[in-house]
Amino acid sequence: MFIPCYVDLVYPEVGVSVVRVLRRLGVEVTYPEGQTCCGQPAFNSGFFEEARTVARHFLDVFESEECDYVVCPSGSCATMASHYYPLVFEGLAGERARSEALGARVREFSDFLVNVLGVRELGARHAGKAVFHCGCHQRRELGVLEEPRELLRDVEGLDLLEWRNEELCCGFGGTFSVKMPDVSTAMADEKIRALEESGADTLISGDSSCLMHLEGRLQRTGPATRVYHLAQILDTEDGEVV
Amino acid sequence: METGKPARSRDTLDRRHEGIESKVEGFNDRARRALEDEFLHESVARFTKKSVASRQAALERLPEAPELRETAYRIKQETMANLDRYLEQLAGAVEERGGKVFFASDGEEVVNYVGELARRRGSKVVTKSKSMATEEIELNRRLEESYGELGLEIIETDLGEWIAQLAGDHPSHIVAPIVHMNRHQIADVLSGVAGEALPPNVEDLLQFARKRLREKFLAADIGITGVNFGVAETGTICTVTNEGNGRLVSSVPPVHVAVMGIEKVIPKLEDLSVFTRILGRSSTGQDLSVYTNLVTGPRQEGELDGPEEFHLILMDNGRSDLLGTEFEEALYCIRCGACLNVCPVYRQTGGHAYGSTYSGPIGAVITPLLKGNEEAKDLPHASSLCGACTEACPVGIPLHELLLKLRNRQVDEGLAGKGQSVAFKGFENTMKSPALYKISGKVGRMAQKPLVKDGKIGRKLPGPLAGWTGTRDLPALAKKPFRELWREGI
Amino acid sequence: MADRAEFIKDIRSRLQNHRSRGEYRPTHAPDVPWTPSAERRRESPVSGDLPARFLGELEALGGHGRRVASIEEARDYVLSLARERGAELLVRWDEEELEELGVDAPVREAGTEVSVWRDLPDFREVAGSAEIGLTTADWAVAETGSLVVTSGPGHGRSVTLLPPTHVAVVRVEKMLPTVAEAIALYAKNGGLPANVCFHTGPSRSGDIEQALAIGVHGPGDVHVVLVG
Ligand code: SF4
């Protein structure tokens, strides 16, 4: 299991839910403690060399672990490891091949549940009217768009709503949110307007980074909205997020 | 982080913050202005929404769309790999049909060629149909400046371009040049030309424009068009318009000058059917644009109209620098505008924020490539890298990956700024060492204490996080990271 | 003035440099599916009743089309169009088929002057003042509702372009299923006319506040009569 650095530091409860859901499904979960980050922040800012060092560390850590899959509760970090490492290691044949081999085993959480384990029904229960935001990497690079919805549709009591322009980016974009704060915020505002229109009271995503962005904006201006990672919803006990 | 000595640390941090933002200032400032313009915002949103929907509907009707895209990419790839050969072939074929061909290394040479041609012909009135290549080199302004003595009247004939020209404005979208203007602004501009107040309703404005431009079409001595595709095999240039101005400009005046970026060449006539099938659909959702006009040389024996002279200008202007490099794919662009329409950043800011002839994702890619990284430092960062552009591009240009590579090039060229470089060195060192990573987490948790309230940082911080915290709350680091919880047992 | 040989040489050397150093990139063809629909039909979408498809497409674009059985009916169509538009001048191509159509005399009788595209002292004056342009077409494309008009002696480009009304009389044998097939025919025959243009519906613009404006520069009133 790969728990991205910001989940580790900011949203540990998401990691906990992932573990609990996976264990409930009979998956043997290991957590290599040497892991840190996938390197995406540096990569997205153009610091390929720095990203390469971090990616190398990632390869070292996960290659030495005996596991069939590397499951990650973030579409974006999963994309980094499965799709962008080959670019990071461009021109370095050996490492590129290593990254491709490992990348094939990296799976985003909902992708793993639905497409590897063949799970749909998890017996989760959560009352609320929710919209799902699919992170852009998960949508476009991974093409894992329907899986989280399928899982959510089977959550008892949860009303999964459609919302306008759901394919639009939330405006996070890593350092983009800091370098272009006005545009980034305007993008979040557009999502929040759509959220309001939909009448949802809960916002769910497979990427805590998008949620951090939208929640951060919601707390300043938007309507009171509960914000959860998909894993937290699937891990509900007696209808409550733990 | 802000600590016990606010005065000094705030001072230094603030300056550093400015240092970072100055890299992106041009875009940010222009974007901020755009965000305040309610009409622009609403109009761009409406236009892009409509275009995206029509494009999707058109593609649904085209079952072979994915294969076409792949084919288009391959054709472009093949063309660029042998561009020398195809350019020679194109030039030869045009000349065989009695056309003249001129190779221009840069805008200056284009300006001079057209200027001298106008001088030789004793021309007065020049009509133009929309051409990004001539926008790029500011042909109109430079002709008027360098050839002022000829007293040329140069008129854009695409309705939107004409209005932009009259307003002294620049187009803000490849396909919809004045999507940023409302009818009142347009009425003001046209009233100035009419010499009387025109009512701000679309029909009256159109009637006026049609009449006025019709006079120009008929009076023109030279017609200048852009080129969507130049067919090497036959020496044919293809120009696509919806209003018909491109066809008029190339049919009525006695001289037709076509200005073409060298990357617009395609090998065979049949390749055209690949591109015409995707261009209109991607651009406006039309199965085919209204006028898909193929010109092969000047008028022939026995024809009463069509140009007596046909000139093809093949313009490089920085394009050949990209050949064979990792940025070559940027040359595959067919200027359909789809990437602009789907871009969530363009959607918020419109085209002028990019400060370049080319806006949106392709603008953010091509501008630094053609103008140099220094010039357009901010543009590669004007993207959240969401990939919607790449998904929409009908020729499969990996736009957001090119943006990433451009950011990387800035780093390599030392343009990224000290603050960032130090920060990411630190990031690298921390993230390669689990021990250091753990300690940083601890330090962070301690340092944030004075700032955190209710599990979040709810006010604007100085320093590098100002950009975030100005408009958004920042969640605090958790009391215990996941790794500790894992150790304790879940 | 850039020297052509230099220009080409420069490009060639750039390509060769990269190639010889083995760093010729771009790296990959598109790997993201382009169209959102999961199930794509594979067969060519254009088959069956081509004239009906053509007329439907043209109609949808805001043009007018009619299929008629005989040349007489086609003549009547043009005649009543001239009447309805109250045209003072009709300009037509100098073309065998249009002679056979025999519209000149009846149209003149109805009060509309007819100019034929031959030996005109100033073509601009004629085409620029006519209210109707009458032509044939090389092809009519069912897929898109396009007319393919070509230049040549007697075939003025302006006739299809300057008058606000354009009417084309096209024999039904001239139907083609797709644009690609039309292009393929020109490619096969080689030697393109100086001008070939696909006209797909009336001229349009959305430049002013995205309001659809018809007939901005080219004809806004487009008619196609399919004969046979
Ligand atoms: S980059 Fe692609 S999508 Fe954008 S304008 Fe060019 S061809 Fe169209």
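Chain naming here is simple, since letters A, B, ... match the order of the sequence lines and numbering starts at 1 in each. Because the structure is a prediction, the values reported are computed rather than measured.
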How about B/Glu96: does its CD atom have over 12 heavy atoms from other parts shown lying under 6.0 Å from it? no
State the CZ-OG distance between C/Phe198 and B/Ser289, to the nearest 0.5 angstrom. 12.0 Å
Under a 4.5 Å heavy-atom cut-off, does chain C meet the side chain of B/Arg97, its backbone, both or neither? side chain
The residue among C/Lys9, C/Arg12, C/Arg4 that forms salt bridge (Lys or Arg N to Asp or Glu O under 4.0 Å) with B/Glu88 is C/Arg12
Measure the spacing between CD of B/Glu303 and CZ of C/Arg157 and express it to the nearest 0.5 Å. 5.0 Å
Counting only heavy atoms closer than 4.5 Å, note whether B/Leu314 contacts chain C via side chain, backbone, both or neither. backbone
Give the C-alpha distance, both sets of side-chain angles, the deciding distance and a yes or no for side chain to side chain donor-acceptor pair (under 3.5 Å) between B/Glu243 and C/Ser203. CA-CA 5 Å; B/Glu243 296 177 2; C/Ser203 152; over 6 Å; no
Which region of C/Thr160, side chain (C-beta onward) or backbone (N, CA, C, O), has a non-hydrogen atom less than 4.5 Å from a non-hydrogen atom of chain B, or is it both or neither? side chain
If you measure from NZ on B/Lys49 to CD on C/Gln210, what distance do you get to the nearest 0.5 Å? 11.0 Å
Taken to the nearest 0.5 Å, the spacing of C/Tyr186 OH from B/Thr236 OG1 works out to 11.5 Å
Closest non-hydrogen contact found for C/Gly218 with B/Tyr291 is CA-OH, 3.6 Å
Which of C/Ile208, C/Asp207, C/Leu212 passes side chain to side chain contact (heavy atoms under 4.5 Å, CB included) with B/Val202? It is C/Ile208
Show every side chain to side chain donor-acceptor pair (under 3.5 Å) that has at least one partner inside residues 187-199 of chain C, sequence neighbours left out. B/Arg247-C/Asn195, B/Arg247-C/His199, B/Asn293-C/Asn195
Okay, B/Arg183 and chain C: the region with an atom under 4.5 Å from a heavy atom over there is both
Quick one: pull up CZ in C/Phe123 and CG in B/Asp305 and give me the separation to the nearest 0.5 Å. 5.0 Å
According to side-chain contact (heavy atoms from CB on, under 4.5 Å), who are the partners of B/Glu108, at least two apart in sequence or on a separate chain? B/Asp106, B/Asn112, B/Arg142
Which atoms of B/Val231 are under 4.5 Å from chain C, going by heavy atoms: the side chain, the backbone, both sets, or neither? neither
Taking C/His217's backbone N and O only, do any of them form a donor-acceptor pair with B/Arg214's side chain (distance below 3.5 Å, no angle check)? yes
